[in-house]
Amino acid sequence: MTVRIYDSKQQAVVDLQPLKAGEVSMYVCGPTVQSSPHIGHVRSAVAHDLWRRWLAYRGNRVTFVRNVTDIDDKVLVNAVDEPWWALAYRIELEFTAAYRAVGVLAPTYEPRATASVTEMHALIALLIERGHAYPALDGSADVYFDVRSWEQYGALTRQSIDKMEPAADADPRGKRDPRDFALWKASKDGEPESASWESPWGAGRPGWHIECSAMSRKYLGDAFDIHGGGLDLRFPHHENELAQSAAAGLGFASVWSHNGLVNVNGEKMSKSLGNSIFAADLLSTVRPIVVRYLLAASHYRSTIDLRTEGGSLEGGSLTEAEAAFGRIEAMLERARRVGELPETDVPDAFGAAMDDDLSTPQAVAVLHDTTRAANAALDAGDSGAALALAGEALAMLRALGLDPADAVWHSGMSASSGAPQSAALTSLVETLLAERREARAAKDFAASDRIRDALAAAGILVEDGKQTTTWSIA
RNA sequence: GGUGGGGUGGCCGAGUGGUGAGGCAACGGCCUGCAAAGCCGUGUACGCGGGUUCGAAUCCCGUCUCCACCUCCA
């Protein structure tokens, strides 16, 4: 069965035809580690993680490379009271933590730009040799890509050079055309020695785009299947990558995949508006699995408009997501009390939706339908049907990386250090519930309700089932 | 100016010609000692104006409007 994917370059959904049958190579643009991760970074990572998991579910061996841009103008600028490499690594760790928290699988490899300077030099030399790049005309060590020499420049975003605005990433005096972009940037006075590498054109550091061309080639080869990233990277970053790699004679990416951006209350997140939602705040306010659910429930290409209530993350989209996902979790718990969930494949409708350009909104609808059907079967006492349906729901959750039982959601402090407290709590609650059971048996509902209210005041929800009473921390 | 994406019920969000995806919220019912949870039911939704068609959210023409990108961006 064929997985279909939207290719940003062709602007159409196409059959994914891997270069090698049964193997898919993906290169995803990771962050420039210059400041803390926000929900947009998390969204991008989850979107590509969903792709990776689905392609693997369909039997492909996926090689997934996501880079870390650890040298860049902003890394240097933001490193005020620490070395630039310390800032870069500190921020990289924050990204790793955020990705892990929302269940993003570790890449097959995660190369840092600074570890591939040699490969960048080789690519730049190749471009000069082929007549598509030149050392700056002003005698600096800058090297530029010559956009006029590559007639397909603009192919990715369908723009013509003449209608583009000039690039501002280097002194235009050294350029043949103002739209030429830097492959190599000469070291400048005042920049740390550690941020400077020798090159055939003089000491300097990489331009922004060349690293991805060099690293994708290094780890995935001259041609690979999918190149992903945020929609905001289409231009100039991906356009320039494409130009470099294609002009160097490389096959490069077969498919370009871009995830949509995240708005907050209808506005683009930006530093000037001060409305950025940082991963650390998000993940300490809302359960990470719910964040992942929220991101997975929207199509990866659409803009997500995150609604907050009076500036608080609680009360808007995230609270709705908690309610919706909580239903599914509750059903799984109900079903597990009846028996063990069988291992099954995902339902066909779910698979068909996922195959169709990762249509997770429809796939999640199937998940909700299955949840409702499982609850109905449980209400009807049909354990066999209930377990079969719950098993299907679990298979879907696993395909989406949303299995509530997965160890990633239970890492950290809570599990171990909380164990004694949890045992003490359970003992107390069970004692109170035993008292309540007696009161109910004696039809002393006033006493019964008093106990339930007291527990509720402590944040513990008591629910009477047909046979048993369950409790949970609200 | 150029390129691209939108406007769907109280809210979010799918859907490219044929019995109203799914979720959140609300209301009614079943269940319950009462609740909660669950299940069942309840909505004359497709920016506006024309057109094509037996039939349009979906196709065509016109029009209004919002957003993103055009060398910092996931």
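Quick note on labels: first sequence line is chain A, next is B, and so on, each numbered from 1.
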May I have the distance from [X] (atom [atom1]) to [N] (atom [atom2]), rounded to whole angstrom?
X	N	atom1	atom2	result
A:Asn240	B:rC69	CG	P	17 Å
A:Lys185	B:rU71	NZ	C1'	10 Å
A:Ile460	B:rA35	CD1	P	23 Å
A:Asp49	B:rA74	CG	P	18 Å
A:Ile304	B:rG13	CD1	P	9 Å
A:Asn263	B:rC12	CG	C1'	14 Å
A:Ile328	B:rA37	CD1	P	16 Å
A:Asp357	B:rG15	CG	C1'	15 Å

Does the base of B:rA36 carry an N or O that pairs as donor and acceptor with the side chain of A:Arg452 under 3.5 Å?
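In this structure, the two groups form no donor-acceptor pair.
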Side chain of [X] (C-beta onward), nearest among [options]:
X	options	answer
A:Thr32	B:rA74, B:rG33, B:rU3	B:rA74
A:Lys74	B:rA74, B:rC72, B:rA14	B:rC72
A:Val262	B:rG4, B:rG33, B:rA74	B:rA74
A:Gln159	B:rC24, B:rC34, B:rG2	B:rG2
A:His299	B:rU3, B:rA74, B:rA14	B:rA14
A:Lys268	B:rA74, B:rC34, B:rA68	B:rA68
A:Arg307	B:rG38, B:rC34, B:rC12	B:rC12

Which residues in residues 358-382 of chain A have a heavy atom closer than 4.0 Å to any atom of RNA chain B?
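A:Pro361, A:Gln362, A:Ala365, A:His368, A:Asp369, A:Arg372, A:Asn375, A:Ala376, A:Asp379 - these, ordered by number, are the residues of the stretch whose heavy atoms sit under 4.0 Å from the strand.
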Could you check A:Asp72, A:Asp73, A:Asn78 and say which one makes a side-chain hydrogen bond (donor to acceptor under 3.5 Å, both in side chains) with A:Gln34?
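It is A:Asn78; the other options fail the test.
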Carefully, step by step, assess A:Thr370 and A:Phe350 under the rule side-chain contact (heavy atoms from CB on, under 4.5 Å).
CA-CA 10 Å; A:Thr370 304; A:Phe350 180 92; over 6 Å; no
Same-atom distance ([atom1]) from [N] to [M], integer angstrom:
N	M	atom1	result
B:rG41	B:rA57	C1'	26 Å
B:rG55	B:rC40	P	36 Å
B:rG17	B:rC67	C1'	29 Å
B:rA45	B:rG28	P	23 Å
B:rA36	B:rC31	P	15 Å
B:rG2	B:rA14	C1'	31 Å
B:rG4	B:rG10	C1'	32 Å
B:rC11	B:rU16	P	23 Å

Have a look at [X] and say if it touches a base, only the backbone sugar-phosphate, or nothing, with a 4.0 Å heavy-atom cut-off.
X	answer
A:Arg158	sugar-phosphate
A:Arg436	base
A:Gly230	sugar-phosphate

I'd like to know if the side chain of [X] reaches the main chain of [Y], judged simply by a donor and an acceptor atom lying under 3.5 Å from each other, with no hydrogens or angles considered.
X	Y	result
A:Asp7	A:Trp256	yes
A:His368	A:Ala365	no
A:Ser25	A:Thr63	no

Are A:His209 and A:His238 near enough that their ring centres are under 6.0 Å apart?
no
Let me see the working for A:Phe224 and A:Phe252 under ring-ring contact (aromatic ring centres under 6.0 Å, His included), right down to the final yes or no.
CA-CA 6 Å; A:Phe224 55 96; A:Phe252 213 47; 5.3 Å; yes
In sequence, state the C-alpha distance, the side-chain angles, and the governing distance for A:Asp355 and A:Trp54, and then conclude on side chain to side chain donor-acceptor pair (under 3.5 Å).
CA-CA 8 Å; A:Asp355 284 341; A:Trp54 185 247; 2.9 Å; yes
Both A:Thr157 and A:Phe235 contact RNA chain B. Taking the nearest nucleotide for each, which residue is further toward the 5' end?
A:Thr157
Nearest nucleotide by nearest heavy atom, which residue falls closer to the 5' end of RNA chain B, A:His237 or A:Asp305?
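Looking at the nearest nucleotide for each, A:Asp305 comes out on the 5' side.
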Residues A:Asp464 and A:Thr469: side-chain donor-acceptor under 3.5 angstrom
yes
Is A:Arg327 near enough to B:rC39 that one of its side-chain N or O atoms lies under 4.0 angstrom from OP1 or OP2?
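Answer yes for this pair, as a side-chain N or O of A:Arg327 is under 4.0 Å from OP1 or OP2.
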For A:Arg234 and B:rG4, is the shortest distance between a side-chain N/O and OP1 or OP2 below 4.0 Å?
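Negative; the distance criterion is not met.
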Might you confirm whether atom CD of A:Gln152 has over 12 heavy atoms from other residues, nucleotides or ligands at distances under 6.0 Å?
yes
Within 45 degrees of the ring normal and closer than 6.0 Å to the centroid, is that where the cationic atom of A:Arg176 sits relative to A:Tyr134?
yes
Quick check with a 6.0 Å cut-off and a 45 degree axis cone: is A:Arg301 positioned over the face of A:Tyr6's six-membered ring?
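Cation-pi check for A:Arg301 and A:Tyr6: passes.
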Treat a base pair as Watson-Crick or G-U wobble with both distances under 3.5 Å, then lay out RNA chain B in dot-bracket form, 5' to 3', with | for cross-strand pairs.
((((((((.[[[..)..(...]]].(((((.......)))))....[[[[[..)....]]]]])))))))....
